[in-house]
Amino acid sequence: MLFFDNDYSEGAHKKVLEHLVKTNMEQLPGYGEDHYCQSAKEKIRRACGCPEADIFFLVGGTQTNQIVISAMLKPYEGVIAAETGHISIHEAGAIEISGHKVLELAHKEGKLSAETLKSYLRTFYEDENCEHRVFPGMVYISHPTEYGTLYTKGELKELSAVCSEYHIPLYMDGARLGYGLAAEGTDVTLPDVAECCDVFYIGGTKAGALCGEAVVFPRGNMPLHFMTMVKQRGALLAKGRLLGVQFDALFTDDLYFEISRNALRTAKMLKKVFREKGYELYLESPTNQIFVVLENKKLKELEKEVKMSFWEKKDGCHTVVRFATSWATRMEDVYKLAVLL
């Protein structure tokens, strides 16, 4: 069986595992107070160009989104997101169960535009009955998006400017941030993300770690008593070292970015294969998620030997499916898939 259904099926990069094994028997303080967590935070601050950044390690993406969003919103506020946003469609109401509404806006290939955002906010505050509605309290985006597309530096700056005008924070879901930053042609760097966003997270689960996400408040703007709120939600690890040790390895010698490039190299080859064999790409994704239109008959045939993700029905005879590569995808598996296609 060939596995292209997601980018987190494998365990962890060998250097991450080696660091975990090497430090395994050390007696360390709990709750992220150990020196490996502190070392990882300092390395991330340097990579972001933010010496004053507050950083907190959490286990997974849905947990991170729920905690960050609920910690930063007032009880009467909701979070703006593209209607395709992960928090809108793939997190089982995790935001709503915390008491906050997801305010969905139209998108273009997964991206939220500054124009759409500003139009919504302007119209909201022009409404004389806005006091009877859920107030927009922050903006959520992901980079890459659910469609594997990327914001440009200019687009991020425009979104940031609108958020600043309306005094609401801009939050970036970075579950696949490594793949976005390593993509060919992008003009966005980690310091750019830190400059434009009020909070973001660096994903580890999908980029070489067993688990873990690093939440970054770039201007030392972590909400008061954030750790207490994390613990209230059952998300504070006594063995916080588990996350710190992994990020300490990922941010040593640019490992995080180097292993992300493997996903992009294999995805590029896979896209070439699809094109050469006459398959229709649903859209152009510069990252590790490839969306392909398959005839339903061909899809049933491939499913016997290939794992991929259903995305949506295109029509009665065709289905859009997602093929995802990862930091661990082998080029030989791409070649094997090419034979099946």
Side-chain angles (χ1 to χ4, degrees), residues 4-9 47-48 60-62 64-65 68 81-91 105 107-114 139-160 170-194 196-197 199-209 213-216 250 256-268 270-271 281-292 308-309 311-312 320-329:
F4 290 93
D5 50 334
N6 60 55
D7 43 17
Y8 47 87
S9 289
C48 294
T62 299
T64 299
N65 285 333
V68 170
E83 59 191 1
T84 55
H86 203 68
I87 61 172
S88 302
I89 58 174
H90 282 144
E91 293 194 330
L105 296 187
H107 69 100
K108 183 177 181 180
E109 295 186 344
K111 294 198 292 185
L112 186 64
S113 74
V139 174
Y140 165 96
I141 60 174
S142 59
H143 184 82
T145 69
E146 290 298 286
Y147 287 95
T149 53
L150 297 173
Y151 288 92
T152 65
K153 183 176 178 179
E155 288 169 336
L156 289 179
K157 283 183 173 292
E158 289 172 358
L159 284 170
S160 180
L170 177 61
Y171 169 46
M172 178 186 286
D173 178 329
R176 296 184 170 93
L177 186 56
Y179 303 133
L181 296 175
E184 289 183 6
T186 184
D187 63 349
V188 175
T189 65
L190 194 51
D192 292 330
V193 172
C196 294
C197 298
V199 56
F200 62 96
Y201 78 86
I202 301 169
T205 301
K206 295 174 180 175
E213 327 296 334
V215 183
V216 181
L250 287 172
Y256 185 71
F257 302 100
E258 179 54 40
I259 65 177
S260 293
R261 294 186 185 100
N262 178 74
L264 301 173
R265 285 190 291 265
T266 49
K268 184 177 181 179
L270 187 51
K271 280 183 277 190
L281 296 183
Y282 183 61
L283 51 75
E284 282 294 332
S285 164
T287 55
N288 68 315
Q289 299 181 82
I290 307 164
F291 299 87
V292 184
M308 59 205 130
S309 296
W311 201 252
E312 61 185 66
V320 179
V321 297
R322 185 191 72 174
F323 290 79
T325 59
S326 79
W327 59 273
T329 300

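One-based numbering along the sequence shown.
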Taken to the nearest 0.5 Å, the spacing of L283 CG from I290 CD1 works out to 11.0 Å
- Could you check if a side-chain atom of L159 sits within less than 4.5 angstrom of a side-chain atom of I141, using non-hydrogen atoms only? yes
*Are T145 and T84 close enough that some pair of their side-chain heavy atoms sits under 4.5 Å apart?*
no
- prompt: So, S88 side chain and A82 main chain: donor-acceptor pair closer than 3.5 Å or not?
  reply: yes
In this structure, OG1 of T189 is separated from CZ of F257 (nearest 0.5 Å) by 9.0 Å
d(Y171 OH, I87 CD1) to nearest 0.5 Å is 8.5 Å
Q.
Does T186 form a side chain to side chain contact (heavy atoms under 4.5 Å, CB included) with L181? I'd like the steps, not just the answer.
A. CA-CA 7 Å; T186 184; L181 296 175; 5.9 Å; no
Short question: side chain of R176, backbone of H143 - any donor-acceptor pair under 3.5 Å? no
| said: Tell me whether the count of non-hydrogen atoms from other residues, nucleotides or ligands lying under 6.0 Å of CD in E312 goes above 12. | reply: yes
Self-check item: Aromatic plane relationship, Y147 with F291 - under 30° parallel, 30 to 60° tilted, over 60° perpendicular
Solution: tilted
Assess whether side chain to side chain contact (heavy atoms under 4.5 Å, CB included) is satisfied between N6 and R322, documenting all intermediate values.
CA-CA 9 Å; N6 60 55; R322 185 191 72 174; 4.0 Å; yes
Could you tell me if the side chain of Y151 sits less than 4.5 Å from the side chain of D192, heavy atoms only? no
Give a yes or no answer on whether the side chain of N262 reaches the backbone of T329 with a donor-acceptor pair at less than 3.5 Å.
yes
Contact check, side chains of L156 and V188, non-hydrogen atoms, under 4.5 Å: yes
In short, E109 meets H107 closest at the heavy-atom pair N-ND1, 3.5 Å
Value for OG (S142) from NE2 (H86), rounded to nearest 0.5 Å, stands at 8.5 Å
Donor-acceptor under 3.5 Å (N288 side chain, S326 main chain): no
Looking only at heavy atoms, the pair that brings P286 and K271 closest together is CA-NZ, 3.9 Å
**Message:** Between T62 and N65, do the side chains contain a donor N or O and an acceptor N or O under 3.5 Å apart?
**Reply:** no
For D187, the side-chain contact (heavy atoms from CB on, under 4.5 Å) test, sequence neighbours excluded, returns T152, K153
Open item on the list: Taking L177's backbone N and O only, do any of them form a donor-acceptor pair with Y201's side chain (distance below 3.5 Å, no angle check)?
Closed with: no
On a heavy-atom basis, the closest approach of E158 and A114 is CB-CB, 3.6 Å
With distance as the sole test, does Y256 use its side chain to make a donor-acceptor pair with the main-chain N or O of G208 at under 3.5 Å? no
Looking only at atom types and distance, does a side-chain atom of E213 sit under 3.5 Å from a main-chain N or O of G204, one as donor and one as acceptor?
yes
Taken to the nearest 0.5 Å, the spacing of I89 CD1 from E83 CD works out to 9.5 Å
d(Y179 OH, L264 CG) to nearest 0.5 Å is 8.0 Å
Do T266 side-chain atoms and T325 backbone N/O form a donor-acceptor pair below 3.5 Å?
no
Is the backbone of G148 close enough, under 3.5 Å, to the side chain of S285 for a donor and an acceptor to pair up by distance?
yes
What one should report as the nearest heavy-atom pair of L150 and G180 is CD2-CA, 3.6 Å
**Item:** side chain to side chain contact (heavy atoms under 4.5 Å, CB included) assessment of V193 paired with I202
**Value:** CA-CA 10 Å; V193 172; I202 301 169; over 6 Å; no
Backbone of C196 reached by a side-chain donor or acceptor of K157 within 3.5 Å = no
Looking only at heavy atoms, the pair that brings T287 and A183 closest together is CG2-CB, 4.2 Å
